J.: 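Below you'll find the structure I mean.
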Amino acid sequence: MKPKTTSVFILGFLCLVFYCFCAADRFYKHGNHEWTKLFMVHHWPTTVCKEIENDCRDPPDYWTIHGLWPDKAGECNRSWHFNLDEIKDLLPDMKHFWPDVIHPSPNRSQFWKHEWEKHGTCAAQLDALNSQKKYFGKCLEFYKAIDLNGVLQKLNIEPSVSYYQIADIKNALASIYGVIPKIQCLPPEQEEDIQTLGQIEFCFSKDLHLRNCTEPEVPPFLKDALLADETSMSHGLSLCEDGPVFYPPPEKTYR
Ligand SMILES: *[C@@H]1O[C@H](CO)[C@@H](O)[C@H](O)[C@H]1NC(C)=O
Ligand SMILES: *[C@@H]1O[C@H](CO)[C@@H](O)[C@H](O)[C@H]1NC(C)=O
Ligand SMILES: *[C@@H]1O[C@H](CO)[C@@H](O)[C@H](O)[C@H]1NC(C)=O
């Protein structure tokens, strides 16, 4: 081929690749609301506060709920609005176990509204989760059954100024639950610093049984796009690296 033909050809090919990538990405992110597993996400309030650099007052000193997330779907029904009335029976538990760590005003329900609209409307494909009461109720039920706070304590994994190894935490949890959790960290700000433990997620199959979080579900070239989407509410968190991790003791006031 002549050089000119070659470059036109390459350009055309690149456009095609780009087009396919965008189409596939859109398909996974928006078009297709199919999902295969749920993440039951716990977060460590002290890390949440550190991540936001917000002035959280007295964050809870126990793991709280972030949400119950289908793995690859979001905002599945924009006309299904959050309605606090539907979960009023759950409010005492919601306030204790699922507080808005960053905006701790007792009457704020923005966080729950976000979780419902982004994740709950997708989880609602399952009969067991097809109302707000069922969605939030089931998540509270999972939280209590998993009892992460009690289990970590029994394993002697407690907030500490000395570091843990990610593999030790993961293996200890896997030995108790029989499944591999997903652990998210706040990466170090500087290279010589240590990552900070942020989220512990347990995965459930569509029949609501615990399962491993590990199996790859999507083509690898889409993983990054999807992960970015999935964790967009989690600000700076990402999958923990193997190696040491800081599990920060609660502080009274973060500045
Ligand atoms: C979306 O939610 C509304 C309100 O609950 C409901 O009437 C409608 O059937 C839902 N749409 C779909 C596609 O599920
Ligand atoms: C919070 O809600 C309760 C009950 O709905 C109400 O009595 C109280 O005044 C509210 N507090 C604030 C700060 O809005
Ligand atoms: C989870 O992963 C572990 C280690 O790869 C494997 O031994 C186990 O069978 C898996 N469990 C399930 C339920 O798939």
Side-chain angles (χ1 to χ4, degrees), residues 26-42 67-91 94 109-139 141-143 145-148 151-152 155 157 164-185 199-220 223 226-227 229-230 239-243 245:
R26 280 176 70 103
F27 176 76
Y28 275 95
K29 267 186 177 165
H30 306 288
N32 182 359
H33 291 149
E34 280 298 310
W35 51 269
T36 55
K37 62 174 180 280
L38 290 162
F39 292 97
M40 164 74 215
V41 184
H42 303 70
L68 183 63
W69 304 345
D71 57 351
K72 45 189 164 181
E75 294 186 345
C76 294
N77 184 344
R78 285 167 204 252
S79 47
W80 200 348
H81 299 298
F82 176 70
N83 178 1
L84 191 60
D85 277 348
E86 286 189 38
I87 58 167
K88 52 178 187 302
D89 297 349
L90 304 175
L91 284 183
M94 292 289 293
S109 53
Q110 276 309 107
F111 182 40
W112 303 332
K113 175 174 163 16
H114 170 88
E115 291 298 312
W116 167 253
E117 290 174 357
K118 180 160 182 198
H119 306 289
T121 55
C122 299
Q125 285 167 13
L126 298 185
D127 290 346
L129 303 172
N130 67 1
S131 72
Q132 296 179 44
K133 187 160 188 185
K134 287 192 205 170
Y135 174 72
F136 289 103
K138 185 57 84 178
C139 192
E141 197 183 304
F142 284 159
Y143 175 86
I146 289 171
D147 185 25
L148 180 61
V151 165
L152 286 171
L155 291 167
I157 300 174
Y164 291 90
Q165 293 291 323
I166 277 296
D168 292 343
I169 296 181
K170 205 177 232 184
N171 293 339
L173 291 173
S175 74
I176 300 284
Y177 294 103
V179 289
I180 301 168
K182 176 175 165 188
I183 306 184
Q184 300 258 93
C185 285
Q199 286 191 162
I200 297 183
E201 312 182 5
F202 291 92
C203 292
F204 285 85
S205 55
K206 280 190 143 174
D207 56 6
L208 304 185
H209 290 112
L210 271 174
R211 51 160 283 173
N212 284 336
C213 287
T214 38
E215 290 91 319
E217 299 286 352
V218 291
K223 268 240 132 126
L226 285 167
L227 278 176
D229 192 42
E230 181 189 290
L239 217 53
C240 303
E241 306 275 347
D242 278 338
V245 63

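Since the structure is predicted, the reported quantities are computational estimates derived from the model, not experimental observations. Every number for a ligand or one of its atoms is a count from 1 in the order of the listing.
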J.: Every pair of nitrogen or oxygen atoms between ligand 1 and the protein that is under 3.5 angstrom apart - can you list them with their distances to 0.1 Å?
T.:
from: ligand 1; atom 1: 2 (O); to: Asn77; atom 2: OD1; distance (Å): 3.4
from: ligand 1; atom 1: 2 (O); to: Asn77; atom 2: ND2; distance (Å): 2.3
from: ligand 1; atom 1: 11 (N); to: Asn77; atom 2: ND2; distance (Å): 2.9

J.: Working to the nearest 0.5 angstrom, can you tell me the gap between Ile180 CD1 and Leu210 CG?
T.: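 One finds 12.5 Å between CD1 of Ile180 and CG of Leu210.
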J.: Could an N or O of ligand 3 be found under 3.5 Å from any N or O of Asn212, whether backbone or side chain?
T.: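 Yes.
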J.: What's the separation between atom CD1 in Ile87 and atom OG in Ser109, rounded to the nearest 0.5 Å?
T.: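 So the gap between those two atoms works out to 7.5 Å.
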J.: Kindly indicate, with the supporting measurements, whether the criterion ring pair (Phe, Tyr, Trp, His ring centres under 6.0 Å) is fulfilled by Phe82 and His114.
T.: CA-CA 8 Å; Phe82 176 70; His114 170 88; over 10 Å; no
J.: Nearest 0.5 angstrom please: Gln132 CD to Asp85 CG, how far?
T.: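 Taking CD in Gln132 and CG in Asp85, the distance rounds to 10.0 Å.
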J.: Taking the six-membered ring of Trp69 as reference, does the cationic atom of Lys118 (NZ for Lys, CZ for Arg) lie under 6.0 Å from its centre and within 45° of its axis?
T.: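 No, a cation-pi geometry is absent between Lys118 and Trp69.
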J.: Heavy atom of Val179 under 4.0 Å from ligand 3?
T.: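 For ligand 3, residue contact (heavy atoms, under 4.0 Å) with Val179 is absent.
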J.: Does atom NZ of Lys133 have more than 12 heavy-atom neighbours, drawn from other residues, nucleotides or ligands, at distances under 6.0 Å?
T.: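 Open: at most 12 neighbouring heavy atoms sit under 6.0 Å from NZ of Lys133.
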J.: State whether the number of non-hydrogen atoms from other residues, nucleotides or ligands found under 6.0 Å of Glu241 atom CD is greater than 12.
T.: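 Open.
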